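The structure appears right after this line, and notes come after that.
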Amino acid sequence: MPQLELDQVTKSFGPGAPAVDRLSLRVADGEFLVMVGPSGCGKSTALRMIAGLEEVTSGTIRIGERVVNEVPPRDRDIAMVFQNYALYPHLTVFENLAFGLRRRKVPEAEVTRRVRETAATLGLERYLDRRPRALSGGERQRVALGRAMVREPLVFLFDEPLSNLDARLRVQMRGEIKRLHQRVRATMVYVTHDQVEAMTLGDRIAVLKSGVLQQVADPFTLYREPVNTFVAGFIGSPPINLVTGSVSADGEPALLFDGHRVRLSDPIAARLASQRGGNVIVGVRPEDLSIASAAGDMFSLPAVVDVCEPLGNETLVYWKTAGGPVVSRQPGLDVPRMGDRAMLVAPFTALRFFDLATEGAIP
Ligand code: ATP
């Protein structure tokens with residue numbers, strides 16, 4: 001039984017398209033689910049509905065065994081971890097952890113037991129008498145999570161907790177959150193617009209666009225088997241290349257890019273059978289492309305170098321091709337120069353195909 005379940009949950013703020021449109025999700029006990037998508041896709045609204053801070057227009061939210069649509073936030077068995085940690089600066093770590101319990105009139109012996117237990121889990125025993133300003137960012141984050149943990153909620157909710165931090169600290173905190181989850185194995189729902197954060201933290205990731213769930217899957221599946229061009233383009237940096245070619249109408253099965261002809265393997269020809277005579281979008285990741293002297297039995301595209309971006313460990317090479325602009329990652333220093341011509345190749349197994357009209361993956 002899932003710890004959290006959203007069934008056809010919709011939120012409309014007024015006329016027009018809903019902010020969240022029939023969102024269905026099940027989050028298992030102990031799972032780390034990330035909701036990701038561009039600004040305005042409805043991820044914060046979805047999280048706020050789970051928290052009870054926003055009313056549901058239609059649909060059902062279950063936390064544990066209860067339908068919570070009508071349950072006020074404080075009775076929902078959830079804890080929200082905020083962006084700024086919201087610690088009380090004048091209180092010690094112990095008092096910060098104890099604050100919510102004392103306010104709920106939990107007996108003092110029980111408060112002490114829970115605070116000590118949580119501090120032990122999070123490695124905070126040494127800091128119990130300190131004030132937040134005497135803690136590092138990572139330690140403060142642990143206290144913020146500890147404050148949620150002492151309440152023993154069924155589900156933890158995080159709304160972009162790292163977005164205020166600089167890039168280095170963000171990476172450090174990301175690692176910290178991941179370690180914390182591995183240690184406490186609590187059910188967590190985490191909202192971000194950052195695909196790297198989503199990929200590195202999530203057991204599963206739900207990708208939203210304009211209030212509509214596009215795909216929910218583990219990071220590897222999202223990366224390798226995106227259901228449409230939106231998910232394909234959102235996951236991965238630099239993003240996947242999407243080039244448009246036409247599928248030969250007769251003769252041996254081939255993809256055509258201007259005058260260039262790529263002979264298709266039988267399994268791929270079978271997959272593209274319904275597209276014959278039409279156009280198709282080919283998705284190929286920058287890391288799957290390499291430069292070759294001959295195409296061999298691979299997907300190939302003649303290309304001209306537009307711009308090179310050296311990053312030290314590798315160079316991003318931007319190419320012009322008959323299918324549109326393409327980027328590849330070249331390891332090492334031996335990279336082409338602007339204006340160079342080359343044949344880019346990729347194994348057929350690395351290709352994804354998308355319908356030009358629907359932008360959905362062709363299975
Ligand atoms: P961001 O990353 O920018 O926070 P988001 O994906 O979290 O974006 P939401 O904040 O959930 O997006 O907003 C989704 C849509 O709902 C947006 O179009 C937003 O303008 C709209 N919206 C959010 N809150 C309200 C509100 N209180 N009243 C009216 N419209 C709202």
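Given the structure is predicted, the values throughout are model-derived calculations rather than measurements. Ligands are counted one by one from 1 in listed order, and the atoms in each one are counted from 1 as well. What's counted below: heavy atoms across the whole structure, side chains too, no hydrogens, waters or symmetry copies.
- Note: F257 and F299 have perpendicular aromatic rings, judged against thresholds of 30 and 60 degrees for the angle between ring planes.
- Considering backbone and side-chain N/O of G40, one or more are found under 3.5 Å from N/O of ligand 1.
- For the 3.5 Å distance criterion, the side chains of T187 and E31 fail to qualify, holding no donor opposite an acceptor.
- Using cut-offs of 30° and 60° on the angle between ring planes, the pair F230 and F234 is parallel.
- Looking only at heavy atoms of the protein, atom 22 (N) of ligand 1 is closest to F13 CE1, 3.4 Å.
- Side chains of V327 and N241 form a contact here, defined as non-hydrogen atoms less than 4.5 Å apart.
- The protein atom (non-hydrogen) at minimum distance from atom 7 (O) of ligand 1 is S44 OG, 2.6 Å.
- By the 6.0 Å contact criterion, CD on E70 is open, its count of non-hydrogen atoms from other residues, nucleotides or ligands being 12 or less.
- Under the 4.0 Å distance rule, the nearest protein heavy atom to atom 19 (C) of ligand 1 falls outside the cut-off.
- Near E160, the atoms of ligand 1 lying under 4.0 angstrom from a non-hydrogen atom of the residue are 2 (O).
- Side-chain atoms of K320 never come within 3.5 Å of backbone atoms of A303 as a donor-acceptor pair (strictly under, hydrogens ignored).
- Ligand 1 has no nitrogen or oxygen under 3.5 angstrom from a nitrogen or oxygen of E54.
- Closest protein heavy atom to atom 11 (O) of ligand 1: T45 OG1, 2.5 Å.
- Protein heavy atom closest to atom 16 (O) of ligand 1, with residue, atom name and distance, is A19 CB, 3.3 Å.
- Nearest protein neighbour of atom 6 (O) of ligand 1, counting heavy atoms only, is K43 NZ, 2.9 Å.
- Taking distance alone, with nitrogen or oxygen atoms compared against 3.5 Å, A46 stays at or beyond that limit from ligand 1.
- Side-chain contact check for L157 versus V81: every heavy-atom pair is 4.5 Å or farther apart.
- Under a 4.0 Å heavy-atom criterion, P38 is in contact with ligand 1.
- The closest side-chain heavy-atom distance from I177 to R174 is not below 4.5 Å.
- Using a 4.0 Å heavy-atom cutoff, R48 is absent from the residues neighbouring ligand 1.
- Close N/O approach between G42 and ligand 1 is found [any backbone or side-chain N/O within under 3.5 Å].
- The shortest N/O to N/O separation between S39 and ligand 1 falls below 3.5 Å.
- Under the 4.0 Å criterion applied to side-chain N and carboxylate O atoms, R352 and E225 are not assigned as salt-bridge partners.
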